[in-house]
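A note on names: the letters A, B, ... follow the listed sequences, proteins ahead of strands, and every chain is numbered from 1.
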Number of protein chains: 2
Amino acid sequence: MPKESILVVDDDKEIADLVEIHLISDGYKVFKANSAKEGLEIFQHEDLQLLIIDIMMPEMDGLEMCEIVRQTSNVPIIMLSAKSTELDKIVGLGNGADDYVVKPFSPLELMARVKSQLRRFTTFNTTTNAKKNEIVVTNLRIDLENHNVFAYDKEVKLTPIEFKMLTLLASNPGKVFSTDEIFEQVWNEKIYEANNTVMVHIRRLREKVELNPRNAQLIKTVWGVGYKIEK
Amino acid sequence: MPKESILVVDDDKEIADLVEIHLISDGYKVFKANSAKEGLEIFQHEDLQLLIIDIMMPEMDGLEMCEIVRQTSNVPIIMLSAKSTELDKIVGLGNGADDYVVKPFSPLELMARVKSQLRRFTTFNTTTNAKKNEIVVTNLRIDLENHNVFAYDKEVKLTPIEFKMLTLLASNPGKVFSTDEIFEQVWNEKIYEANNTVMVHIRRLREKVELNPRNAQLIKTVWGVGYKIEK
DNA sequence: AAAATCCTTACGAAATGTTTACAAATAATA
DNA sequence: TATTATTTGTAAACATTTCGTAAGGATTTT
């Protein structure tokens, strides 16, 4: 699953590249622009979750761009600037920006602030809209917060291990997990000698989740490889 | 119309006073606390729009307080700290805080960040934010103002701890709380060693609230996880 | 058919939750 | 203040659920 999309606007290509590298290594999709105008072009055509904008740019500066974006969107904006004077910060934040980082900045701090802003944005968007912290795959629904599991619209009561195992499989529908992988993910331990512990739990899961456990439709066996939940 | 309410938590009274002066001059309503525990007490009784919390405090520190608040609320939190190391920032932001200001800070910058956080919060919360003084879930009704509790239309007399515990569960119907979470929320203290104090209180609550305490319908057990009140 | 892999069952041990009882702490009352 | 009642925390006994193991059966692959 692709994570959030982020737009980086800076006329200094080196800095834009530096930021891009860190964002990508954190799993984000990155758009780059070398001017405010180019940045606005991208903003209007892409579905962005966060903007990182340099203040000092020729032609249109970052503050103006911020204002224009704010006319139509509440997307989080982090401003970059070489000036560390207090006035700049206030202008930046008062202008509709959500955070402010001074150059030269540490990439790790910037990443932390990116994460923080995204958390805010997505948190609010999930509370106001429908609940998003649930997993739905074909005839299976897992409510993570309420710890409820529904299979074929019937609630089933799972043990902690079963819940964790099913969540693992359902979080990556289509992906095949070997018994070793499942063990390591669920028990958080390396596996040393082979045993059929995981298989027994798969059996118990099927007993609770499948219509006909002898002919499993949700949790499928991939011979010689492992188990999966069909996408 | 009174503006937003803000809670300032700092064991250093001089700093709390300084911040208060600036907040008041900007038109905010201010609550002050000198410890995390006191701050949590206020948080649970007042309708706050923003929290400013010092990290370094005796007994419970600001990060722990932040965690406890985040279990039930998305209110913006700005952390204060004397340490300006990068690690601190990341820990602070990763912990659920929304912004971070290093001491000694300039009051004007803090005010700018307050304004920025409030803008975000109120923008997203334009829909509904009325404070309820009554909680109703299935066969349970809690009158917060008069401290009355009705279960199956019969009034029950609860002790302070029982009342707080039931309110916590009923305020988040469906959400599962671990015994540790319940302890932290009700006692406003970090838990150090496991004991069954919470369980005993659950038992006593069930005795008063359930039709058949041996077969609890309101307060349900989620094995290996915690307790919840069904939505 | 043989080999490899997976399924099923059952049972005891371990983990977790419940209940009860009692003493300490707190609040209410005389 | 002394006395009583209520609330709260702790510990131990009890009950239930969950978990891991092993062994034999079933199915698929070679």
Student: I'd like to know if B:Glu41 and B:Lys37 make a salt bridge, using a cut-off of under 4.0 Å between side-chain N and carboxylate O.
Tutor: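 No, no charged N to carboxylate O under 4.0 Å.
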Student: Under the criterion side-chain hydrogen bond (donor to acceptor under 3.5 Å, both in side chains), I'd like the reasoning laid out for B:Gln44 against B:Asn188: C-alpha separation, chi angles, the key distance, then a yes or no.
Tutor: CA-CA 10 Å; B:Gln44 281 151 7; B:Asn188 288 334; 3.1 Å; yes
Student: Name all pairs fulfilling the side chain to side chain donor-acceptor pair (under 3.5 Å) condition that reach into residues 147-157 of chain A, sequence neighbours left out, sorted by first residue then second.
Tutor: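 Of all non-adjacent pairs touching residues 147-157 of chain A, those that pass side chain to side chain donor-acceptor pair (under 3.5 Å) are A:Asn148-B:Lys228.
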Student: Between A:Leu140 and A:Ala170, which heavy-atom pair has the shortest distance, and what is it?
Tutor: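 Heavy atoms only, the tightest pair is CD2-CB, 4.2 Å.
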Student: With B:Leu80 as reference, evaluate B:Ile55, B:Asp54, B:Ile53 under the side-chain contact (heavy atoms from CB on, under 4.5 Å) test and give the passing residue.
Tutor: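 That would be B:Asp54; it is the only one of B:Ile55, B:Asp54, B:Ile53 passing the side-chain contact (heavy atoms from CB on, under 4.5 Å) with B:Leu80.
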Student: For DNA chain D, determine which residues of residues 165-181 of chain B have any heavy atom closer than 4.0 angstrom to one of its atoms, and list them numerically.
Tutor: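 Under 4.0 Å from DNA chain D: no residue of residues 165-181 of chain B.
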Student: Mind checking what makes side chain to side chain contact (heavy atoms under 4.5 Å, CB included) contact with B:Asn195, not counting sequence neighbours?
Tutor: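 For B:Asn195, the residues satisfying side chain to side chain contact (heavy atoms under 4.5 Å, CB included) (neighbours in sequence not counted) are B:Thr197.
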Student: Determine whether A:Leu169 and A:Val137 satisfy the following criterion, side-chain contact (heavy atoms from CB on, under 4.5 Å), listing intermediate values before the conclusion.
Tutor: CA-CA 10 Å; A:Leu169 293 175; A:Val137 193; over 6 Å; no
Student: Which residues within residues 224-231 of chain A lie with some heavy atom under 4.0 Å of an atom in DNA chain C?
Tutor: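 Output list: A:Gly224, A:Val225, A:Tyr227.
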Student: Report the C-alpha separation of A:Leu205 and A:Met165 in whole Å, then their side-chain angles, then the decisive distance to 0.1 Å, and conclude whether the side-chain contact (heavy atoms from CB on, under 4.5 Å) test is met.
Tutor: CA-CA 9 Å; A:Leu205 254 178; A:Met165 245 172 79; 4.1 Å; yes
Student: Using distance alone, with no hydrogens and no angle criterion, decide if A:Asn215 and A:Gln217 have a side-chain donor and acceptor under 3.5 Å apart.
Tutor: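 Yes, because at least one side-chain N or O of A:Asn215 sits under 3.5 Å from a partner of the opposite role on A:Gln217.
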Student: Mapping B:Glu207 and A:Arg214 to their closest nucleotides on DNA chain C, which lands nearer the 5' end?
Tutor: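 Counting from the 5' end, the first nearest nucleotide belongs to A:Arg214.
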Student: Can the positive tip of A:Lys175 be found less than 6.0 Å from the middle of the six-membered ring of A:Phe177, inside 45° of the ring normal?
Tutor: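 Yes, A:Lys175 sits over the ring of A:Phe177.
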Student: Could you tell me from which nucleotide to which nucleotide of DNA chain C, 5' to 3', there is an atom under 4.0 Å from chain A heavy atoms?
Tutor: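 Answer, 5' to 3': C:dT5 to C:dA10.
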Student: Provide a list of protein-nucleic acid N or O atom pairs under 3.5 angstrom, restricted to nucleotides 14-20 of chain D.
Tutor:
unit_1, atom_1, unit_2, atom_2, d
D:dC19, OP1, A:Ile161, N, 3.4
D:dC19, OP2, A:Thr159, OG1, 2.5
D:dG20, OP1, A:Trp187, NE1, 2.7
D:dG20, OP2, A:His201, NE2, 2.9
D:dG20, O6, A:Arg204, NH2, 2.4

Student: Check B:Leu168 against B:Gln185 and note the closest heavy-atom contact, atom names and distance.
Tutor: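 Nearest heavy atoms, B:Leu168 then B:Gln185: CD2-CB, 3.6 Å.
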Student: For B:Ile135, is there any backbone N or O sitting under 3.5 Å from a side-chain donor or acceptor partner on B:Arg141?
Tutor: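 Side chain of B:Arg141 to backbone of B:Ile135, a donor-acceptor pair under 3.5 Å: no, none is there.
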